[in-house]
Amino acid sequence: MLVELPTVVLEPPRVASSPGPALRARVLARAEPYLYLAPALAGLLVWVYRPLVETFDYSFYNWNLLPTTPKVGVGWHNYSQLFHLPALWQAVGTTGIFMAGLVLFGVLLPLLIGALTQHISPKSRTVYRALIFLPVLVSPVVTATVWEFLLAPAGGFVDTVLGWFGLAQTNWLQQPNTAKYAVVAISGWKILGVSVLIVTAGLAAIGGEYYEAAAIDGANRRQVFRRVTLPLLSPTLLFMFIMALLLSSQTVFPILNVLTQGGPEGATTDIYYFLYQYGFTSFNIGLASAAAVCFFLVFGIVALACVRLLDRFSFYDN
Amino acid sequence: MAKGSDHRRRHKRGTREWALGNFWTAVTWVAAFVLFFPVLWMVLTSFKAEKAAYTSPPRIVFHPTLSEFSQVFSGGVGPPLEHSLFVTITSTVVVLVLAVPAAYSLSIRPVKRWSDALFFFLSTKMLPYVAAIVPIYIVARNLGLLDNDWELVILYTAMNLPIAVWMIRSFLLEVPKEVLEAARIDGANLWTEVTRVIMPIVVPGIAATALICVIFSWNEFFFAVNLTATKAGTMPVFLVGFIQSEGLYWARLAAASSIASLPVILAGWLAQKQLVRGLSLGALK
């Protein structure tokens, strides 16, 4: 993916190497593409990478965000304090649950749905896609709103349906255990559609000649899926896996912010929400920044490893 | 005799496969409906009167009314709608202005080490925003941009730029080399090359890219909730406030949510096919 070669490469027009205006024109022609690139690169450096560096800096201070209060340098104290917080380790565990849940909804279920819908007619596939794509499109806050009244304890739709089957009714978002899984299910509902579309696109990209060859060899459906489809789909699946991991906290955040505020009893506080609360609720900027640095480092390493893996895998088809 | 039983067996297997196929088709349709249902329920509820929204068990047949929509409109949805529109449109325009030249210098006239540059763009999409929010907040405060539309314009531009660069680059790569060379030989300068040769080919792709930026900006919540309040709050921020102040009024909440969702649903259906390309960050074409 990242190393694919450009199909169009045009050299800048050759100019005779005489000094003076010709040289200037040549330098300009060389520099031209860099000038086109510069504003976009600069924007991202200033608004994405510089704040990250500053976060690193803040992590060595004790500060409450007020311009009038001086920052007090405390060295590595924030880090040692952070690692001794029980709440941090609870948040790490919750992050793990959320990630696992989103891998289920962002990779495994879409693979299943993608494989099952592979053979339905193109016309109904259009309708099908439009239906499952809706949750992806609506704002995460709308998602939270909708589920708030679907999950409401009295008169909510979910409890009513469970009631038909004689199942116990639960106050989903008020109990530590159910709240966790409710958050996973809601976020999963939000991302499922796009993952199905990605799988479908990946399946469609597999050339028919592979299936023909498999058919000639007399392979049955399950063999074809295991031996042909799955290996050829692996770069796509790996990509979806990476995205489910890296974006899980970001996906979950609006749901937490609107529906649970990290509760009950901190059960739905993941690391993202944890450091957000330290920064913007307790205004403990040093501690929040230290947590952010750790979070960023772990994520950075995971992301880099995944990208390496993906680069190696994406040549599978060639 | 042997032949006959063989035939019958094959026929039997065909029926079983046919039944199994139908069964799975039915399962997938049920799954699709379950996925779609919450949105449908939201829209249905928004047309209910408040009393009808609250009944237990929930009612599917009811007397539709627009009263809750008018309640929302008189309840101050105007300013947040305007902020959302302004921030979304402005940031999308800025993204395109920055992304098209950048994508050009990563595809048609690539800089040396263009793949590193591309990786740099994409890397910013993988970073957790929360790790940068405190410094961003402080910078915004120092610049006097807290609770200001322009702060969100800047951040949404940074947020969407990598996707836009990636997508537009992939569209530019589809411009046939021969056509570009022919234009060069005919003495076309850069302006003619871009407006007469490249643009007509990539405009649909750029339109899809724009729609994706619109969807992301319109729905963005994290920056909006942390950096804006009353003076520049966008629709998601308004909705959260609405949940807190009128969360018990389901029909009204549903109406406000429906209003907030309509633009992105339209944009999404228009750009559905290309959306996959953007959302998968170019892992696929």
Side-chain angles (χ1 to χ4, degrees), chain A residues 1-3 6-10 33-34 36-37 39-40 43-44 47-48 51-52 54-55 58 113 116-117 120 128 131-132 134-135 137-142 145-146 149-150 154-155 157 160 194 197-198 201-202 236 239 246 249 253-254 258 272 275-276 279 285 288-289 292 295-296 299 303, chain B residues 24-25 28 32 35-36 38-39 41-42 54 56-58 98-99 101-102 104-105 107-111 115 117-119 124 126 128 130-132 134-136 154 158 161 165 173 175 177 180 219 221-222 226 236 239-240 243 250 253 257 260-261 264-265 268-269 272 276 279-280 282-284:
Chain A
M1 47 166 282
L2 295 175
V3 286
T7 50
V8 183
V9 182
L10 284 186
Y34 292 93
Y36 300 143
L37 197 58
L44 288 182
W47 285 99
V48 179
L52 287 172
E54 285 174 347
T55 300
Y58 290 137
I113 297 177
L116 289 177
T117 53
I120 63 177
Y128 188 83
L131 284 183
I132 63 168
L134 264 180
L137 292 174
V138 298
S139 152
V141 178
V142 169
T145 319
V146 170
F149 50 80
L150 282 174
F157 206 92
T160 309
V194 69
L197 282 197
I198 294 175
T236 309
F239 167 81
L246 293 184
S249 302
F253 177 82
V258 176
Y272 202 97
L275 70 96
Y276 167 78
I285 297 308
S289 300
F295 188 63
F296 169 73
F299 261 61
Chain B
W24 284 118
T25 310
T28 52
L35 282 175
F36 164 70
V39 180
W41 189 245
M42 170 185 86
Y54 249 123
S56 175
L98 291 174
Y104 179 79
S105 61
S107 55
I108 292 181
R109 281 190 53 189
V111 297
S115 67
L118 192 59
F119 180 73
T124 62
M126 299 191 177
V130 72
V134 168
I136 287 175
I154 293 170
L161 197 53
V165 168
L173 287 176
V175 177
K177 192 180 174 183
L180 280 171
N219 284 343
F221 176 62
F222 185 69
N226 286 313
L239 270 181
V240 171
I243 296 168
W250 286 1
L253 205 53
S257 301
S261 307
V264 281
I265 290 175
W269 274 346
Q272 204 198 92
V276 181
L279 291 172
S280 59
L284 311 145

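All of these numbers come straight from a predicted model, not from anything done at the bench. By convention in this document, chain letters (A, B, ...) are assigned in the order of the sequence lines, proteins followed by strands, and residues within each chain are numbered from 1.
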*Side chain from CB out, backbone as N, CA, C, O: work out which of these in A:F149 comes under 4.5 Å of a heavy atom of chain B, or both, or neither.*
both
*Return the set of residues passing ring-ring contact (aromatic ring centres under 6.0 Å, His included) with A:W47 (not counting sequence neighbours), or none when no residue passes.*
none
*Using a cut-off of under 4.5 Å on heavy-atom pairs, state which of B:S261, B:A158, B:P128 scores highest against chain A.*
B:P128
*asked:* Please identify, among B:L98, B:I136, B:T124, B:L239, the residue contributing the most non-hydrogen atom pairs under 4.5 Å to chain A.
replied: B:T124
_As an exercise: rank A:S139, A:A292, A:P39 by heavy-atom pairs under 4.5 Å with chain B and give me the winner._
A:S139
*What part of A:L246 is in contact with chain B, defined as an atom under 4.5 angstrom from a non-hydrogen atom: side chain, backbone, both or neither?*
side chain
*If you count heavy-atom pairs under 4.5 Å with chain A, which of B:A117, B:A260, B:A102 comes out on top?*
B:A102
*Contacting moiety of A:V258, where chain B heavy atoms sit under 4.5 Å*: side chain
*Please say which of A:T55, A:L52, A:I285 ends up in a side-chain contact (heavy atoms from CB on, under 4.5 Å) with B:P135.*
A:T55
*asked:* Shorter than 4.5 Å, heavy atoms on both sides: which option in A:Y272, A:F253, A:F295, A:Y58 has the most such pairs with chain B?
replied: A:Y272
_Side chain, backbone, both or neither of B:L161 within contact of chain A (heavy atoms, under 4.5 Å)_ = side chain
*So do A:V146 and B:W41 actually touch side chain to side chain, heavy atoms under 4.5 Å?*
no
*Between the side chain of B:N219 and the main-chain N/O of A:P140, is any donor-acceptor distance below 3.5 Å?*
no
*Contacting moiety of A:S249, where chain B heavy atoms sit under 4.5 Å*: neither
